[in-house]
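Accompanying notes for the structure given below.
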There are 2 protein chains.
Amino acid sequence: MGTTQLESVPEPKYWHLKTVLSDALDSEFAVGEILPNERELAARFGVARATLRQALEQLELEGRLQRRRGVGTTVAPPRVGVSVGDPGHSWPGTGDAADAWQPVDSHQAVPPAAVARLLDAGPDEETHVVRRTRMSHGQPLAAELLYIPAGSVPGLSAIDAPGGPARARTVLRELCRLELEGQDQAVELGSARADDAKELDRLPGSPVLIVTTRYYAQGRTAAVAVATYRADTCRLTFGDTGGGVQLLAG
Amino acid sequence: MGTTQLESVPEPKYWHLKTVLSDALDSEFAVGEILPNERELAARFGVARATLRQALEQLELEGRLQRRRGVGTTVAPPRVGVSVGDPGHSWPGTGDAADAWQPVDSHQAVPPAAVARLLDAGPDEETHVVRRTRMSHGQPLAAELLYIPAGSVPGLSAIDAPGGPARARTVLRELCRLELEGQDQAVELGSARADDAKELDRLPGSPVLIVTTRYYAQGRTAAVAVATYRADTCRLTFGDTGGGVQLLAG
DNA sequence: AAGTGGTCTAGACCACAAG
DNA sequence: TTGTGGTCTAGACCACTTT
């Protein structure tokens, strides 16, 4: 049971390496501490750099490490608990300060097919698109695109507001006039698109948790939000105990 | 804005490859269809196999492809929407048939430190551990470990039930006698442990979505579930419209 | 300029599934 | 036995950050 398996099924090197490194992180390193560089670690363990990297990649995926080009590999802090569930069913932008969403911009565009499907919209129907960013302790946690069909915000036929945050706020304010009847959400794994990656201070392709929220009002889908959370630093919480960003909601 | 960037920041090869393959999947391949093998694809695109694999890995991460050793690479079906939120706040095992959780086994053990913390238990306190599997269409979706302090199920001091599913069911039945007062959940990215990987029919280290559920009863944490969902095939839904496994809850 | 992680190559061998 | 994806090597060069 508790034995060591005696290599009857030989463990891949990178898997064993990962275990060794993981234990070392627990016992010998402090959060924020910088590890020896990849070439040295590989030499020290007697493996090729690619193999060492395979282990580091998994540890980064699990939120144990953080790697930055030109800088080095550091021990990551525990993941931040981020409230996502919002049991109060409120519109975006109406939360308290802990919500920490910052409007960035807004424009009009045809949504991607998957979003159009959720909106029951035609494939070529334009929507307002509001970009927001969620921050915590100066670090970006998530980048979001909010898709709002023109029909949901009838007060916005005349677009006087300039670009940038001001316009985004105008659209959100208009959206809040509707009575929200419900929402549902889905979470899945994805990889960061180039634009989101930039917003999140990560490389394109980094693993992200994609949260799709559908807002219901007036008996139909009034808006759809697609939020991209950094998978390395975030733990998404859906709780009765709701509310804002938590550090170690243990 | 909408321009093509003219390579001022040269795109990595694997990133471009991923785009090309992704478009090809949309237009030229049907779900379940098998792709040419990696050596041939690499030759066809004029890149090393490792580079081609980097592109395939990302597409698999996004749920577009499925790769099986000894078999080949196939086009994956759309992700399955799996209801996780459970707005009714019911105990595990009390859902309808669509719930599709199957008890596997039960034993007693000291939970990992992270779980003990959630249970407000001492680091060496034993709990009942119930293993369950969630299936859909013959495919395993998730593997779960349910940790139940002995104090939550006082009726179980005498353990007469044999091992296996029968014993697991006995523990769950006993747990249901408590009045559930609430629950909260968290979702984060992880990599499959060896035991979960086996249960999920994946290789160890595959990306998984880890759902941690805390059940409240009698004014304290009465149980903690740690469920490991296949990230490649699952989209976790937290909805007002709740209920069971959905295929494309679009 | 030096040092870091990120990308890429061209091989090799292994574990697994299917004929 | 054959063919597949999975692991591993020993290099090379590039992009980025810091000094």
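Just so it is clear, the model here is predicted, and its values are computed rather than measured.
For the pair B:Tyr14 OH and C:dC8 P, the interatomic distance rounds to 7 Å; values are reported in whole Å. Rounded to an integer number of Å, the gap from CZ of B:Arg53 to C1' of C:dC14 is 13 Å. What separates CD of A:Glu38 from P of C:dT7 is a distance of 11 Å, to the nearest Å. When rounded to the nearest whole Å, the span between CG of A:Leu52 and C1' of C:dT4 equals 14 Å. Going from atom CD of B:Gln54 over to atom C1' of D:dC14 covers 14 Å, rounded to whole Å. Rounded to an integer number of Å, the gap from CD1 of A:Ile34 to P of C:dT4 is 8 Å. Atom CZ of B:Arg202 and atom P of D:dG5 are 14 Å apart (whole Å). Atom CD in B:Glu11 sits roughly 18 Å away from atom P in D:dC14 (whole-Å rounding).
Using bins of under 30°, 30° to 60° and over 60° for the plane-to-plane angle, the ring pair A:Phe238/B:Phe238 lands in the parallel bin.
In this structure, B:Thr51 reaches the C:dT9 phosphate: one of its side-chain N or O atoms is under 4.0 Å from OP1 or OP2.
At a threshold of 4.0 angstrom between heavy atoms, the contacts of A:Leu56 with the nucleic acid are absent. Within the nucleic acid shown, A:Arg68 comes within 4.0 Å of sugar-phosphate atoms alone, with no base atom in reach, counting heavy atoms only.
With D:dG5, C:dA17, C:dT4 as the candidates, the nucleotide lying closest to the side chain of B:Val71 is C:dA17. With C:dT7, D:dG5, D:dC8 as the choices, the nucleotide that has an atom nearest any side-chain atom of B:Asn37 turns out to be D:dG5. Taking the side chain of B:Arg49 as heavy atoms from C-beta on, and the options C:dT9, D:dC8, D:dT7, the nearest nucleotide is D:dT7.
The shortest side-chain heavy-atom distance between B:Ile210 and B:Val226 falls under the 4.5 Å cut-off. No side-chain heavy atom of A:Arg131 sits under 4.5 Å from any side-chain heavy atom of A:Ser106.
Among A:Arg53, A:Arg67, A:Lys18, the one residue that satisfies the salt bridge (Lys or Arg N to Asp or Glu O under 4.0 Å) test with A:Glu60 is A:Arg67.
Side-chain to base pairing of A:Arg39 with C:dG5: one donor and one acceptor N or O lie within less than 3.5 Å of each other.
Here the OG1-OH distance, from B:Thr19 to B:Tyr14, works out to 10.5 Å after rounding to the nearest 0.5 Å.
Nearer the 5' end of DNA chain D, as judged by each residue's closest nucleotide, is the contact made by B:Arg69, out of B:Arg69 and A:Ala48. Between B:Thr73 and A:Ala50, it is B:Thr73 whose nearest contact on DNA chain D lies nearer the 5' terminus.
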